[in-house]
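To start, the structure itself, in structure tokens.
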2 protein chains.
Amino acid sequence: MQKKRVTLADVARLAGLSPTAASMILTGRHDTRLSAEAHAKVHAAATSLGYRPNVAARALRTDRSRSIAFISDYVATTRFASGLIRGALAAAEEAKHVMLLLETGGEPARELQAVEAALDRQVDGLIFAAMRAREVFVPPLSGNVPVVMLNGTSARFPAAVLPDEYEGGRTAVRLLAETGITDSIVLLGHNPADEKGLFRSQSIARRLAGIRDAMAAHGLGFDAELSCWNWEPNHGYDLTKGLLRKRRPKAILCLNDRLAFGAYQALGEAGLTIPGDVSLVSFDNDELASYLRPGLTTISLPHEAMGRRAVQMLLEGQPGQEELITMPTVLRGSLIAPTQPDAVQKLSSTV
Amino acid sequence: MQKKRVTLADVARLAGLSPTAASMILTGRHDTRLSAEAHAKVHAAATSLGYRPNVAARALRTDRSRSIAFISDYVATTRFASGLIRGALAAAEEAKHVMLLLETGGEPARELQAVEAALDRQVDGLIFAAMRAREVFVPPLSGNVPVVMLNGTSARFPAAVLPDEYEGGRTAVRLLAETGITDSIVLLGHNPADEKGLFRSQSIARRLAGIRDAMAAHGLGFDAELSCWNWEPNHGYDLTKGLLRKRRPKAILCLNDRLAFGAYQALGEAGLTIPGDVSLVSFDNDELASYLRPGLTTISLPHEAMGRRAVQMLLEGQPGQEELITMPTVLRGSLIAPTQPDAVQKLSSTV
DNA sequence: ATCCCCTGCTAAAACCATTTAGCAATTGCC
DNA sequence: GGCAATTGCTAAATGGTTTTAGCAGGGGAT
């Protein structure tokens, strides 16, 4: 445990060269004309002293800090957050950057504070993450830091990473179609008539569009469409319970796994088996989905991949494009065996 | 959007004073002899220019950066992480600090890198968080940054924040005892005979100690003790299924909510009702617990409170003590109504 | 009138790395 | 041999803040 940190000057002194030379060599500039011998001496000195550059000093001089800020409305209220954060963190680590985590609760005042705190620390880029995809308020930024939106959009910043919900919606329907079921299909979570004027996030809108387009394309229709504001297990339970009093569905397309969980409970109480009596497909690949019996087949939200991609975009120059990440299919036991088994093989994936 | 950042010198110039004066006034030192008029002028100048101190410059000079590092083995593999992070983040924000998040996967090489990355950035403190409580390897630290262990321990760093598992274990048993059930109680998740020599984390050891002490204190004994290595839903399911072939328990004490979830599934399939036929108590207050029907009564892991406390300890001077955070009881519907209803009122809590 | 203290402020150093401008010595060219 | 270009390196400025040391001027005590 040494008294003081070792500085570049110490390294230079030990190498018998100037700090200038040491700096150039250690930062790996190749436009320099320093001798191979000088390189060797400096590197030797640096490792022998255990030199670590002082990031504050470097940031002061260069205005970059090898750090990025991940500014999120909620960090852990939803399990989605974790995946985004994890992916971002991994990509940051690979790029030898460090990640500041900031939470705003979606409150403009805290958003502003978060941005300022980040900017004060000379971050090299900002990620604005939204836990439920939406148009995000981004406070005005002084300077010109690159910004990437994650799971949300902003008019001012076109660079965004989003799940490919439209394709995901289509895939869910295709899985259903491939079981050979053609009637008594129920949509759990949305009914356009009931939800006139209700705001659903852009992601969900796309998910629904994919579903409806694919249903039409396969010549299928819903026997019933049940809506509720929050997609929580108890709503899935109540809606399914109500449904079962009148009808006996063959398949339920659930708009998320939590609704599906509720449906499982109601079906179980009614003595119906999955997938024998009723098949289910769902969305998100919530942790829940793997716990259920049988496992729930679901179109997963690729949070980790999204987080990774956002950081990569941020760090590889001026980002400007919206990018869609495909939602992988996770096949488990909640769908009856397809009529054409090989059709499903193609899109199979692991847990 | 101004071309350059406003510096302290700009503020001083506008106020007609020296940077020294401006610095002293803005950092709020009271040992100074600057006039009230000077204070007013500097503050006015600072706000009118929108001055924000350059953290890098300040860190360079003072060796503190108003930032802390949260170094965790896993950030989101487990839902526990989120709570710890959230709590820590909230406390950091209150203290006007910023939080670096680093993940090590428990690999020494990455731990070392994480520590170095943090120290390079002059963090004011380090939190080492473990997702499953354990003795944590902490790489040697140069300098003397304060360190707090979170949900884990380290011989070298006595300051630690842990859940009060012993009391939690006792509480779970007390809840059970208060239902009036005196026999046919099963422990799900641990059997000392089967687990000789198996490593269980210190937390779990304390939880078990609390349970066993309280059982003895209430004059109760377990009818069966079932063990499994991983406490996942499918194990809970399998063990309970096996159990039901031989016995018919009145109560199951589950060592975590995931085991309890599996037990719910097995009990449901066997046509037994909760809590009518079988009562359950569990630990952790996993998200799951609130989804189950009936809701699962559980002794919760106070992750958010732990995260908060860790940051507070870190920031309020030299931390040295181990601190236990009580595990709140969450009463839901999985226990039959107690014989002495008022006894439970006292420890009731909300979801 | 001298000395001392107090008030209110400032000059300049320090923190540590990067970068611009440029110096001294050698080589290349005719 | 004379001149330019190249090679291999360094001095010094720079970034923005904090902090140490100290200055100028006024007042009080003696």
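In the text below, chain A, chain B and the rest are named by the order of the sequence lines, each starting its count at 1. Atom set for the values below is all heavy atoms of this structure, side chains included, hydrogens, waters and symmetry mates excluded.
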Q: Give the rounded distance in Å between these two atoms: CG of A/L17 and P of D/dC9.
A: 6 Å
Q.
What is the separation between atom CZ on A/R58 and atom P on D/dG16, rounded to the nearest whole Å?
A. 18 Å
Q. Quick one: do A/R121 and A/E116 make a salt bridge, cutoff under 4.0 Å?
A. no
Q.
In the structure I gave you, are the side-chain heavy atoms of A/M313 and A/V161 within less than 4.5 Å of one another anywhere?
A. yes
Q. Strictly by modelled atom types, are A/Q312 and A/R309 linked by a side-chain donor-acceptor pair under 3.5 Å?
A. yes
Q) Within the pair B/Y51 and D/dT17, is there a side-chain N or O less than 4.0 Å away from OP1 or OP2? A) yes
Q: Grab the CD-P distance between A/Q122 and C/dA17 for me, whole Å please.
A: 16 Å
Q) Is it true that a side-chain atom of B/D124 and a backbone atom of B/R66 form a donor plus acceptor pair closer than 3.5 Å? A) yes
Q.
Any base atoms under 4.0 Å from A/A56, or only sugar-phosphate, or nothing? Heavy atoms, all strands.
A. nothing
Q. Is B/R5 salt-bridged to A/D120, cutoff N-O under 4.0 Å?
A. yes
Q: Quickly work out the A/E37 CD to D/dT7 C1' distance and round it to whole Å.
A: 14 Å
Q) B/H39 NE2 to C/dG8 C1': how many Å, rounded? A) 11 Å
(Q) Quick check: do A/M131 and A/L84 have side-chain heavy atoms less than 4.5 Å from each other? (A) yes
Q: Round to a whole Å and report the spacing from CZ of A/R5 to C1' of C/dA14.
A: 17 Å
Q: Would you tell me if any nitrogen or oxygen in the side chain of B/S18 comes within less than 4.0 Å of OP1 or OP2 on C/dT10?
A: yes
Q) Between A/L26 (CG) and C/dT19 (P), how many Å, whole number? A) 13 Å
Q.
With nearest nucleotide decided by heavy atoms, which residue, B/S35 or B/L60, maps closer to the 5′ end of DNA chain C?
A. B/S35
Q: Using a 4.0 Å cut-off on protein heavy atoms (strictly under), produce a 5'-to-3' string for nucleotides 19-26 of chain D with B for base contact, S for backbone-only sugar-phosphate contact, and - for none.
A: BB------
Q.
Between P on D/dT17 and CG on A/D63, what's the gap in Å once rounded to a whole number?
A. 12 Å
Q | Distance-only polar pair, side chains of A/S65 and A/S67, donor-acceptor under 3.5 Å | A | yes
